[in-house]
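First the structure, in the form of structure tokens, and then the observations on it.
So that the names make sense, note that chain A is the first sequence line, chain B the second, and so on, each numbered from 1.
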Protein chains: 2
Amino acid sequence: MKPVLEPEIASSSANSSPQNFHALEVESIDLFVRIAQFIGFPKSYGEIYGLLFTASQPLSLDDITLRLNMSKGSASQGLKALRGVHAVKITYVPGDRRDRFELEGNIRLLMQGFVQERLEPGIRDLGMRIDSLSLKVNELQNGEKKRYNDRLGKLRNWHKQAQKIMPAVERLLGG
Amino acid sequence: MKPVLEPEIASSSANSSPQNFHALEVESIDLFVRIAQFIGFPKSYGEIYGLLFTASQPLSLDDITLRLNMSKGSASQGLKALRGVHAVKITYVPGDRRDRFELEGNIRLLMQGFVQERLEPGIRDLGMRIDSLSLKVNELQNGEKKRYNDRLGKLRNWHKQAQKIMPAVERLLGG
DNA sequence: TATTTTGTTCAAAAAATATTGAACAAAATA
DNA sequence: TATTTTGTTCAATATTTTTTGAACAAAATA
């Protein structure tokens with residue numbers, strides 16, 4: 001079965017890149033590549049997301065590799081990761097054996113996934129490290145101990161506030 | 001003039017790494033290396049910050065390169081960047097020709113710098129791109145236009161909320 | 001002024017990260 | 001069952017980012 005591609009939109013400004021992209025698609029992909037890099041994802045993830053953002057129907061792995069001129073391996077891994085943060089889902093399309101991919105309805109799911117799977121674990125890990133450091137500092141002699149504790153106190157405080165703000169971030173970005 | 005190094009802390013658990021680090025220093029540097037990576041800085045920046053965190057007095061460029069076994073170039077660049085986000089400052093020490101570096105008193109300045117110089121500009125840039133995309137979408141035919149605008153609307157909404165939360169993030173992490 | 005000390009810059013090297021592509025497994029079809 | 005289609009994995013390759021180190025400039029000292 002042949003890949004399902006977007007119908008070319010008739011327009012005098014139609015872009016004629018090697019992949020036959022519409023100018024709008026290019027700009028959309030570009031936007032999501034930046035978002036990806038912003039949150040620390042490889043740019044291929046952003047390309048995939050951007051392509052799906054513009055697509056009028058769920059795309060197959062083939063569509064994606066063809067359109068983006070990307071290896072099957074990359075596309076597979078990227079889709080896996082995007083599914084992992086609930087940014088993309090697999091859709092069943094009757095009469096097609098292949099998986100078809102499309103965006104989760106809500107953009108917020110991308111951000112929610114990011115917050116829950118990267119931001120929060122990161123903050124939690126830092127907390128554990130700060131605690132461990134605090135314990136060791138308590139075994140020092142008085143002078144040293146005071147100096148360390150002054151600085152550690154500020155760090156703990158910062159961390160506590162970072163934790164405190166997390167639910168709000170999640171609620172706003174995810175609401 | 002010879003480099004100013006930390007006096008070795010007498011302790012049965014004193015670490016004997018090649019650089020003669022105390023276990024506490026190692027853990028502190030490790031912690032800040034993670035924080036650096038977390039916010040997208042090279043790990044050398046974290047090493048420098050971590051070393052300064054444990055230091056009982058301002059350190060010179062020499063101290064830092066010697067202690068961390070890092071090139072002069074790296075140390076210079078790292079310190080420049082850390083000064084750029086107000087995480088580190090230069091202190092004048094009478095009788096020493098060299099610059100001496102120490103942490104800005106408040107940890108929060110590190111985060112404030114990060115928020116102001118990375119997070120906010122990033123969000124702003126995304127906003128401009130989303131606006132540009134919106135303009136182009138308005139030139140499409142009705143069917144296409146609707147489909148795009150549905151998705152773009154969600155994106156705009158997400159972006160608006162990200163902007164809204166920014167001051168709170170800044171206030172909390174920086175207060 | 002000549003020499004030394006100190007810090008910066010940037011091209012080249014090293015390290016880290018992302019991408020490819022071929023081998024593989026699983027599922028559908030013939 | 002044999003063949004084809006589809007998607008995954010991972011070692012090798014390519015790309016990007018970081019680090020080095022030597023050349024340089026500026027400032028202090030002799």
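Protein atom CG of B/L68 is 10 Å distant from nucleotide atom P of D/dT20, rounded to whole Å. Going from atom OH of A/Y92 over to atom P of C/dA28 covers 10 Å, rounded to whole Å. Taking atom CZ of A/R97 as the reference point, atom C1' of C/dA30 lies 11 Å away to the nearest angstrom.
In this structure, A/F32 and B/L155 have side chains that are in contact, with non-hydrogen atoms separated by less than 4.5 Å. The shortest distance between side-chain heavy atoms of B/I39 and B/R118 does not fall below 4.5 Å. In this structure, A/L52 and A/L59 have side chains that are in contact, with non-hydrogen atoms separated by less than 4.5 Å. Side-chain contact between B/Y148 and B/K136: absent, with no pair of heavy atoms (C-beta onward) separated by less than 4.5 Å. Here the side chains of A/L51 and A/F21 are in contact, with some heavy-atom distance below 4.5 Å.
A salt bridge does not link A/K154 to A/D150: none of the charged nitrogens lies less than 4.0 Å from a carboxylate oxygen.
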Query raised in the report: Starting at the 5' end of DNA chain D, what dot-bracket string do you get if Watson-Crick and G-U pairs under 3.5 Å are bracketed, crossing pairs use [ ], other-strand pairs use | and unpaired bases use dots?
Result: ||||||||||||||||||||||||||||||
Query raised in the report: Could you go step by step and tell me if B/L82 and B/L103 meet the side-chain contact (heavy atoms from CB on, under 4.5 Å) rule?
Result: CA-CA 9 Å; B/L82 288 170; B/L103 299 190; over 6 Å; no
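Using modelled atom types and a 3.5 Å distance limit, the side chains of B/S134 and B/D131 yield no donor-acceptor pair.
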Are there any protein N/O atoms within less than 3.5 Å of an N/O atom in nucleotides 19-22 of chain C, and if so, which ones and at what distance?
| from | atom 1 | to | atom 2 | distance (Å) |
| --- | --- | --- | --- | --- |
| C/dT19 | OP1 | A/S44 | N | 3.4 |
| C/dT19 | OP2 | A/S44 | OG | 2.6 |
| C/dT20 | OP2 | A/S71 | N | 3.1 |
| C/dT20 | OP2 | A/S71 | OG | 3.3 |
| C/dT20 | OP2 | A/S74 | OG | 3.2 |

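Residue side chain B/R98 does not reach the base of C/dT6 through any donor-acceptor N/O pair under 3.5 Å, judged by distance alone.
Residue order along DNA chain D, read from the 5' end via each residue's closest nucleotide, puts A/L79 first among A/L79 and A/Q37.
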